[in-house]
J.: 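Below you'll find the structure I mean.
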Amino acid sequence: MTPPPPEKRKSGNPARQAHIDETVKQQRERRRQEKLAEYNRQLAKRRRSRLTWWVVGSAAAVVVVAIVVASVVLTPRPVSYGAFDSTGATIEGVETFDNVTQHVDGTVDYPQDPPAGGPHNPVWLNCGVYSEPVPNENAVHSMEHGAVWVTIDPDRISDDQLRTLTAKLPSTYVVVSPYPGLRSPLVLSAWNAQLALDSVDDPRIPQFLEEYWRSQNVPEPNALCTGGVDGPGRL
Amino acid sequence: MSARLAWIPWVLAIVAAAALAFAVGRFTMYSATGVPTPDAVDIGFARDMQVHHEQAVQMAMIEYRRAQDDVVRSLAYDIATTQAGQRGEMYDWLVQWGVPQSGRLMSWMSDSSGHDHGGASATEADLRAAMGMATDAQVDALSAASGTEADCLFLELMIRHHEGALPMAREAIDGASIPRVTQVAQTILTGQTAELDAMRSAQLRLGCTG
């Protein structure tokens, strides 16, 4: 900026000196320009303010939506490992019954053949694989403790098939025994449930075990399947 | 913004607050009720330790009837009642989690110890042996034994049985996601380690050769 001539100096402030030096017309023009600038400043401020609201508001909305979505997505799912967890899954061909538990001496005439629950001997049959038929009244007591009783027709299940079958069975809480006059080659029984099968490769065998082996719905879950009585021909 | 639309930010703010409250409610609900999802270790430990405990209860009940030595008889009583209680709790974990009691033995164990625990080729008998469990023949021998012979055989079988439980407990302590499972595994590790000491000193006292 070119300094004004020294004889006209009235202020040390060059901006003020410039105002002093202005004509009236110049002063009006300057004030008009100042008002316009102020107006434009206010306009820009309002625009900035609105933009800030949009940015902040959208960001807040995104964050809130994300938190809600996370709270739903991250909720632990109810555990589900298929339907076969003793909660009443329907496996094709399984019959269920309403036998009642009771200790009795002597033989019992069971409504199911092989028996699938009902009155039984005070002593349970030790779980395991048997080469000879086992007493019904003791085997029923084992099922009362949660065992699965696998009965086979030895005329229709070969030794090889029996090995295939036993390899699929748990090492505990299972009785395997031949059963004279069995209505199908293979019958799986648990307390108040039964499944007749033709083949040791039937996919329903693991399903039946998942649903009924050591079920919490037996009268005495968790009682042992050892320490009872051995039947003849225990292997 | 004109005065007539001034209510819009307020409504949006209230909606956002309600949504946040909903989310906070959901988060606190499942952290407060503490329902972590059981993992493969929780489930495998709950299943296999039941199988393991079951045989301990069986052998301890046999020994309780046949023991000659009062200290060993008390130990057998202690083992049978403790482990029957523990396996009842494990049974109920699986019931509460809604998973089957059945599953392949040792499939949850890592192979850090070098054994082929969950190998597809291993038979159920192999897996039980790896868990330190007695064979049927050994249990039958215990049932047939009497006197100090029974006490010594019981100690021998139960020491190996306990030694099989320790790696399972350690694995559960490392890998379980349910706090109570970790806690019970720690209890088993501590309790059975102490019982191992007691059984080894009983072996010395009775002059067992095993």
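Order of the sequence lines sets the chain letters (A, B, ...), proteins ahead of strands, with each chain counted from 1.
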J.: Should the heavy atoms of other residues, nucleotides or ligands under 6.0 Å from CD of A/E34 be counted, would the total exceed 12?
T.: yes
J.: Name the region of B/Q50, side chain, backbone, both or neither, that has any atom closer than 4.5 Å to a heavy atom of chain A.
T.: side chain
J.: Using side-chain heavy atoms (C-beta onward) and a distance below 4.5 Å, is A/V72 in contact with B/F22?
T.: yes
J.: Please identify each residue that fulfils ring pair (Phe, Tyr, Trp, His ring centres under 6.0 Å) with A/Y130, with sequence neighbours left out.
T.: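 Applying ring pair (Phe, Tyr, Trp, His ring centres under 6.0 Å) to A/Y130 gives none.
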J.: So which residue, A/T172, A/V63, A/V69, ends up with the most heavy-atom pairs under 4.5 Å with chain B?
T.: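 Top count of heavy-atom pairs under 4.5 Å with chain B: A/T172.
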J.: Could you list the donor-acceptor pairs under 3.5 angstrom formed between side-chain atoms of residues 218-235 of chain A and any protein atom two or more places apart in sequence or on another chain?
T.:
| from | atom 1 | to | atom 2 | distance (Å) |
| --- | --- | --- | --- | --- |
| A/E220 | OE1 | A/H145 | NE2 | 3.1 |
| A/N222 | OD1 | A/R214 | NH2 | 3.0 |
| A/N222 | OD1 | B/R87 | NH1 | 3.3 |
| A/D230 | OD1 | A/N126 | ND2 | 2.8 |
| A/R234 | NE | A/C127 | O | 3.4 |
| A/R234 | NH2 | A/C127 | O | 2.8 |

J.: Does any non-hydrogen side-chain atom of B/V99 lie less than 4.5 Å from one of A/E210?
T.: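 No, their side chains stay 4.5 Å or more apart.
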J.: Measuring from A/S171:OG to B/L105:CG, what's the distance to the nearest 0.5 Å?
T.: 5.5 Å
J.: Could you report the tightest heavy-atom contact between B/A19 and A/V68, atom names first, then the distance?
T.: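 Looking at all heavy atoms of both residues, the closest pair is O-CG2, 3.4 Å.
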J.: Quick check: are there more than 12 heavy atoms from other residues, nucleotides or ligands sitting under 6.0 Å from CE of B/M199?
T.: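 Yes, CE of B/M199 has more than 12 neighbouring heavy atoms, counting only those of other groups under 6.0 Å.
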J.: Let me see the working for A/Q216 and B/Y91 under side-chain contact (heavy atoms from CB on, under 4.5 Å), right down to the final yes or no.
T.: CA-CA 9 Å; A/Q216 67 264 34; B/Y91 183 89; 3.7 Å; yes
J.: I'd like to know whether CG of A/D98 has more than 12 heavy-atom contacts from other residues, nucleotides or ligands below 6.0 angstrom.
T.: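 No - once you tally the heavy atoms of other residues, nucleotides and ligands closer than 6.0 Å, there are 12 at most.
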J.: Can you say whether B/Q101 sits under 4.5 Å from chain A via the side chain, the backbone, both, or neither, judging by heavy atoms?
T.: both
J.: Let me know if B/D92 has heavy atoms under 4.5 Å from chain A in its side chain, its backbone, both or neither.
T.: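 For B/D92, there is no contact with chain A at all, as no heavy atom is under 4.5 Å.
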J.: Using a heavy-atom cutoff of under 4.5 Å, enumerate the residues of residues 72-81 of chain B that contact chain A, numbered in order, or state 'none'.
T.: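 Counting heavy atoms that sit under 4.5 Å from chain A, no residue of residues 72-81 of chain B is involved.
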J.: Which residues pass the side-chain hydrogen bond (donor to acceptor under 3.5 Å, both in side chains) test with A/D201, sequence neighbours left out?
T.: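 side-chain hydrogen bond (donor to acceptor under 3.5 Å, both in side chains) list for A/D201, sorted by chain: empty.
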